[in-house]
Protein chains: 2
Amino acid sequence: MTPLKPRIWIASAALIASAGALAQQAPKPEQLIKWRQSTFQVLAWNTARVKAAVEGGGDARQAAKAAAAIAAIANSDVLALFPAGTESGKGWHDTTVKPELFKDGDKVAALNADFSRNANELARVAAAGDAAALKEQFGKLGKSCKSCHDDYRNTN
Amino acid sequence: MTPLKPRIWIASAALIASAGALAQQAPKPEQLIKWRQSTFQVLAWNTARVKAAVEGGGDARQAAKAAAAIAAIANSDVLALFPAGTESGKGWHDTTVKPELFKDGDKVAALNADFSRNANELARVAAAGDAAALKEQFGKLGKSCKSCHDDYRNTN
């Protein structure tokens, strides 16, 4: 390994030192991708529980708990799992995200806000035990999910 | 394939028909195992965000959102992901659950209730922005996680 010139070395060391506190905390891309793939699986579990209640045969209290979990996740800044540097890579499997997600900041933020709003409303009507409202709102949440998947997830 | 005797066939068909509504909803063991492995990953992501805030360098608002997600998941009946029939099997990977979890009903329920209580308290202090209380409560939640892992998770 060729030693760096002293001046460059000193500059690099200072940069590393100042970034140290952050770098210690920053999870690796593969970890972030695994967490986001897991997050969507947990959303799938909980939407399955709401779906079971909406379609009959499911338990309304389980649906209310599931809707509360969906809302808390939707409000927890899921976009923090999509930082620059995670456009490709492998978590549980190769990421299926499209590169456009990392370029369409405002549109993605708006879709995420829409997801949060719909998830909060789902949690509200599920807690109130209003079956008709739950069915209607579950449909709206599904559209919210789909609109983001259509634009930013590779399905093949 | 040998045809079943008519009387047995009729009895089997009736059993299948009556179980049909439930069977339609019931996810397969591999799906449940994948969901529970994902759930623990999402808990890991969110505890990492709280840890970052507790140890400095993390964002307090992210920590509050993360704590709310932990609480909602803890309240969402995670034990529903451990039904009989999921003692072994592969989700993202082979399950690491110990068989004792499926036998120690009361003890497991008590540990789960303890986890919920600690997670709800974490969400409360994180939302209040009390850094000292957050640190203390994060320690308590960690012990709650560990007590269950020690008894019911294989680590090798």
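So you know, we letter chains A, B, ... as the sequences are listed, proteins then strands, and number each from 1. What you are looking at is a predicted structure, and each value in this text was computed from that prediction instead of being measured.
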Are [X] and [Y] close enough that a side-chain donor and a side-chain acceptor fall under 3.5 Å?
X: A/Arg117; Y: A/Asn120; value: no
X: A/Trp45; Y: B/Ser38; value: no
X: B/Ser144; Y: B/Asp114; value: yes

Given B/Thr95, which of B/Glu30, B/Arg36, B/Lys90 fulfils the side-chain hydrogen bond (donor to acceptor under 3.5 Å, both in side chains) condition? B/Arg36
Could you tell me which portion of [X] (side chain, backbone, both or neither) has an atom closer than 4.5 angstrom to a non-hydrogen atom of chain B?
X: A/Asn75; value: backbone
X: A/Arg61; value: neither
X: A/Ala123; value: neither

Which atoms of B/Ala44 approach chain A - backbone, side chain, both or neither, heavy atom under 4.5 Å: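 B/Ala44 touches chain A through backbone and side-chain heavy atoms alike.
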Heavy-atom pair count under 4.5 Å with chain B, highest-scoring of A/Lys34, A/Gln62, A/Gln31, A/Gln41: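 Max contact count across the listed options: A/Gln41.
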Is it true that B/Asp151 and B/Lys107 have a side-chain N and a carboxylate O under 4.0 angstrom from each other?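 So B/Asp151 pairs with B/Lys107 through a salt bridge.
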